[in-house]
Q: 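Dumping the structure here so I can ask a few things about it.
Whatever order the structure lists ligands and atoms in, that order sets their numbers, starting from 1. Keep in mind the model is a prediction, meaning the values are calculated, not measured. No hydrogens, no waters, no symmetry mates; every other heavy atom, side chains included, goes into these values.
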Amino acid sequence: MSRLQGKVVLVTGAARGQGRAHAVAFAREGADVVAVDIDSDTGGIGSVPYPTARAADLAETAAQVEALDRRIVARTADVRDGAALEAAVAEGLETFGRLDALVANAGVFSQAPFWEMGEQQFRDVLEVNLLGVWRSMKAVAPHMIEQRRGSMVLISSVNGVRGNAGAAHYAASKHGVLGLMRSAALELGPHGVRVNAICPGLVDTPMTNWPGVYDQMAGRPGGTRADFESSALHYGVLGGQGALAPEAVADAAVWLAADGASGVTGQAIPVDAGHLALPGYNPAPVQPAADRP
Ligand SMILES: NC(=O)c1ccc[n+]([C@@H]2O[C@H](COP(=O)([O-])OP(=O)(O)OC[C@H]3O[C@@H](n4cnc5c(N)ncnc54)[C@H](O)[C@@H]3O)[C@@H](O)[C@H]2O)c1
């Protein structure tokens, strides 16, 4: 049985990676989709060291949703631009007549020790990962309050619970998402709107497939995809399971949006192959003094 038949979801950062998986998973369960993302050919983010999505990626998401016989409104919109988000929501409401769920998924990552990070690099991550989530919630909240029903799923991270050495701004943004989620759940609960977050562990997407992440996972410069794959086995506890597929996170988002989770609000749900259950793992320990060159 389709769990989201006749419902409509807004997915931010929907062009690829987890965002595409959310759009497709919701469509498979019967939902129509409003999908937004940036086009890095016309509006990239300077301090992000890997390529963000292009218009062709969003078109591919649209094609995959339509192949499931669901409808999609796919628009270039930046979560740093509240008016652009509101325009996409208005178009979605005009097209579909309703909006039942939000997956606030758009996010960026970069690396530097916090004391070497420039203002712009820090602000770029906060602007997208935290303020962008708030703007997305703000764009859909009035409608959900009016219809006295809705489910918001915010994508945080295990870095919303633990630190990230080399990405303090990212961890701060993802901790912030959980504070936003818990507060919004209190504010929207009386209106019948649920708000939850997912804390993914390591997920195999373009955000994690570039040399900086390979180095971080390897614990040394010159890391490779092979290092990423072998280190990923240390990241969780499920045997033989390395980086998660984006679909594993989308499955949780579908559950949170559907009526099966009608009693769940204000929760941060890890989808991390057990990462947060681990007692701890240092990927790059400093050698004892005697071994240092
Ligand atoms: N990959 C991981 O290991 C991992 C782990 C935990 C949490 N996350 C979070 O999951 C979410 C999805 O990331 P992903 O892994 O699919 O990476 P990704 O880079 O493939 O996807 C992120 C999407 O967000 C879009 N985006 C970036 N800035 C935007 C903006 N200003 N406006 C609109 N769209 C924008 C990108 O173009 C891209 O399509 C992010 O919030 C990320 O922080 C990722």
Q: Would you please say whether a donor-acceptor pair under 3.5 Å links the side chains of Asp39 and Thr76?
A: no
Q: From the options Val65, Leu68, Val103, select the one residue that forms a side-chain contact (heavy atoms from CB on, under 4.5 Å) with Val33.
A: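 Of all the options given, the one that passes is Val65.
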Q: Name the one of Phe109, Trp210, Tyr214 that satisfies ring-ring contact (aromatic ring centres under 6.0 Å, His included) with Tyr50?
A: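 Per the ring-ring contact (aromatic ring centres under 6.0 Å, His included) rule, the option paired with Tyr50 is Trp210, out of Phe109, Trp210, Tyr214.
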Q: Counting only heavy atoms, which portion of Asp78 has something under 4.0 Å from ligand 1: side chain, backbone, both, or neither?
A: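 Contact part for Asp78 vs ligand 1: both backbone and side chain.
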Q: Under 4.0 Å, heavy atoms only, figure out whether ligand 1 is touched by the backbone of Thr205, its side chain, both or neither.
A: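 Side chain only.
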Q: Taking CD in Glu146 as the centre, count heavy atoms belonging to other residues, nucleotides or ligands within less than 6.0 Å. Is the count above 12?
A: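 For Glu146, atom CD is not crowded (no more than 12 foreign heavy atoms under 6.0 Å).
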Q: Could you give me the CA-CA distance, side-chain angles and deciding distance for Thr61 and Arg16, then say whether side-chain contact (heavy atoms from CB on, under 4.5 Å) is met?
A: CA-CA 7 Å; Thr61 297; Arg16 67 177 196 197; 5.8 Å; no
Q: Check this for me - ligand 1, Ala14, N or O atoms closer than 3.5 angstrom, yes or no?
A: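 By distance alone, the answer is no.
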Q: Determine, using heavy atoms of Ser156 and all atoms of ligand 1, whether some pair is separated by less than 4.0 Å.
A: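 Yes; Ser156 lies near enough to ligand 1 that a heavy-atom distance drops under 4.0 Å.
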Q: Indicate, as side chain, backbone, both or neither, the part of Asp204 found under 4.0 angstrom from ligand 1 when only non-hydrogen atoms are considered.
A: neither
Q: With a heavy-atom distance limit of 4.0 Å, tell me whether Phe109 approaches ligand 1 through its side chain, its backbone, both, or neither.
A: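 Under 4.0 Å from ligand 1, Phe109 contributes no heavy atoms.
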Q: Between Ala77 and ligand 1, which part of the residue brings a heavy atom under 4.0 Å of the ligand: side chain, backbone, both or neither?
A: backbone
Q: Using the side-chain contact (heavy atoms from CB on, under 4.5 Å) definition, which of the options Val125, Val177, Leu154 pairs with Leu130?
A: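 Only one of Val125, Val177, Leu154 forms a side-chain contact (heavy atoms from CB on, under 4.5 Å) with Leu130, namely Val177.
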Q: Does an N or O from Val79, backbone or side chain, lie closer than 3.5 Å to an N or O of ligand 1?
A: yes
Q: Can you see whether Thr224 engages Asp227 through a side-chain donor-acceptor pair at a distance of less than 3.5 angstrom?
A: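 Result is yes, a qualifying pair exists.
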Q: Can you check whether Lys174 has an N/O within less than 3.5 Å of an N/O in ligand 1?
A: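 In this structure, Lys174 places an N or O atom under 3.5 Å from an N or O of ligand 1.
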Q: Quick one: does Gly19 get an N or O within less than 3.5 Å of an N or O on ligand 1?
A: no
Q: Return the residue, atom name and 0.1 Å-rounded distance of the protein heavy atom closest to atom 25 (C) of ligand 1.
A: Asp37 OD1, 3.2 Å
Q: Is Ile38 touching ligand 1 with its side chain, its backbone, both, or neither, if touching means heavy atoms under 4.0 Å apart?
A: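 The part of Ile38 near ligand 1 is both the backbone and the side chain.
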